[in-house]
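Lettering of chains follows the sequences in order, A, B, ..., and the numbering in each one begins at 1.
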2 protein chains.
Amino acid sequence: MAKKPYHHGSLRPALLAGAMELLEQKGAPSLSLREAARMAGVSQTAPYRHFAGKEALLAALAARGFEELTRALDEVAATGNAAETLHATGRAYVDFALARPQLFRLMFGPEIRDKSVFPETLEAAQGAYSRLTAAVEAYLASRRIHVKTPRVPAVTAWSLVHGLASLLIDNQITDMEEDGKNRLIDAVTGFFVTGG
Amino acid sequence: MAKKPYHHGSLRPALLAGAMELLEQKGAPSLSLREAARMAGVSQTAPYRHFAGKEALLAALAARGFEELTRALDEVAATGNAAETLHATGRAYVDFALARPQLFRLMFGPEIRDKSVFPETLEAAQGAYSRLTAAVEAYLASRRIHVKTPRVPAVTAWSLVHGLASLLIDNQITDMEEDGKNRLIDAVTGFFVTGG
DNA sequence: GTTATAATGTAGGCGTCGTCAACAAACAGG
DNA sequence: CCTGTTTGTTGACGACGCCTACATTATAAC
């Protein structure tokens with residue numbers, strides 16, 4: 001029986017892993033530093049050696065989330081023509097939110113008050129945003145549409161998929177069987193490329 | 001000096017008023033029943049005579065929010081042609097979110113786990129949704145577009161404005177002066193009627 | 001190797017919160 | 001007036017974030 005040593009050895013990753021599990025089970029507000037510490041088998045104040053406070057731990061989780069989202073967007077980035085890629089990007093964004101709703105809420109919600117306080121989180125978020133922008137730009141170029149900056153179309157496309165994802169995970173869209181919901185997601189995420 | 005009587009007299013509205021103020025200042029998670037009770041000048045457990053718990057109080061606030069949103073949408077419902085009305089409806093939705101971000105977050109966020117537990121809130125939410133649907137339906141009719149149900153276009157329009165509102169109040173869209181932001185909002189909310 | 005120093009973990013406590021049980025005051029209908 | 005119900009109060013429980021003071025271990029300079 002390995003009795004536990006005074007020092008954990010890799011507490012920071014252990015805390016992040018436990019906290020990520022708690023996050024996905026119960027959401028950020030119900031996640032407690034104390035419970036994450038319990039899962040790692042350390043005292044309730046040990047986490048403060050690795051994170052400035054609860055918000056800093058959440059910010060680290062959010063950064064991981066943005067990295068995973070970025071990866072998911074990259075995976076569909078080279079499929080078919082620009083219109084298809086844009087559609088697939090939107091679909092991947094919504095799929096990510098549906099697969100990990102609590103993480104998604106944390107990434108975009110108010111629990112992390114100012115991302116600029118957490119450079120790692122900010123950078124990871126910008127990485128994900130750049131994938132969206134790239135897909136929109138490529139689409140515009142393929143349609144020979146020229147704009148000074150792609151900001152307005154990028155925000156439009158982002159709003160569309162972000163709004164759909166938010167409404168879905170917050171249970172605002174009800175009374176649909178699974179199949180109809182899938183078609184709905186395809187229709188909405190495709191709206192930007194198919195036009196009105 | 002009127003010393004306070006044992007019975008407050010109208011505690012329920014007083015609690016709602018105080019809680020609404022706290023909500024808009026600090027957000028739902030930081031709002032405490034105890035502080036609302038303090039503002040009303042009663043003991044910390046008095047609110048339990050009028051609300052089953054914190055969530056029930058929040059649900060009542062959310063219901064008020066949906067009623068105000070409904071009113072705001074009704075105010076722009078009869079302006080100009082159907083396309084203009086739809087655009088104005090979207091703009092009013094975003095304006096509401098910007099004017100009362102914490103209330104907006106509460107209305108659509110996860111603090112109220114299941115609206116069906118709070119019929120007043122559910123009904124108020126459906127009232128607001130019906131205004132959105134009506135505007136979309138009128139627009140489709142004006143363009144002689146026939147659909148079996150307006151669900152897909154309604155959800156599309158809703159996603160667009162809801163996503164934009166969410167991104168704005170969660171500070172995801174930065175580095176813009178006020179003027180540019182206003183044009184951005186006009187462009188995004190108009191996207192549904194102007195087409196891609 | 002010994003020893004100073006930094007890193008990492010613990011113990012205990014403060015003030016806050018949501019909620020519950022038990023009790024007290026005021027109102028309302030007979 | 002008397003009685004039952006409504007509406008308040010008091011006091012407590014467990015959980016939380018976070019703080020200070022202290023203990024243990026790793027690190028590295030000599």
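We find that B/E24 and B/R100 are joined by a salt bridge, their nearest charged nitrogen and carboxylate oxygen being less than 4.0 Å apart.
B/T45 contributes a side-chain N or O that forms a donor-acceptor pair with the base of D/dT10 under 3.5 Å.
A/S166 and B/H162 share no side-chain donor-acceptor pair at under 3.5 Å. Between the side chains of A/W158 and A/Y93, at least one donor N or O sits under 3.5 Å from an acceptor N or O.
At a threshold of 4.5 Å between non-hydrogen side-chain atoms, the residues A/L69 and A/F104 do not count as touching. Within the 4.5 Å cutoff, side-chain heavy atoms of A/V94 are placed close to those of A/L98.
For the pair A/L33 CG and C/dG9 P, the interatomic distance rounds to 14 Å; values are reported in whole Å. To the nearest angstrom, P of D/dG14 lies 14 Å from CZ of A/R34. Per the geometry, CG belonging to B/L22 stands 14 Å off C1' belonging to C/dC17, to the nearest Å. Nucleotide D/dT6 holds its C1' atom 15 Å from the CZ atom of B/R12, rounded to whole Å. Rounded to an integer number of Å, the gap from A/Q44 CD to C/dG12 P is 11 Å. Look at CZ on A/R38: it is 17 Å from C1' on C/dG9, rounded to the nearest Å.
Only A/Y48, A/R49, A/G53, A/K54, listed by number, bring a heavy atom of residues 48-60 of chain A to less than 4.0 angstrom from any atom of DNA chain D.
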Give every donor-acceptor pair under 3.5 Å between a side-chain atom in residues 34-52 of chain A and any protein atom, sequence neighbours left out.
unit_1 : atom_1 : unit_2 : atom_2 : d
A/R34  : NH2    : A/Q44  : OE1    : 3.2
A/E35  : OE1    : A/K26  : NZ     : 2.7

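Counting non-hydrogen atoms under 4.0 angstrom, A/S43 reaches a base of the nucleic acid.
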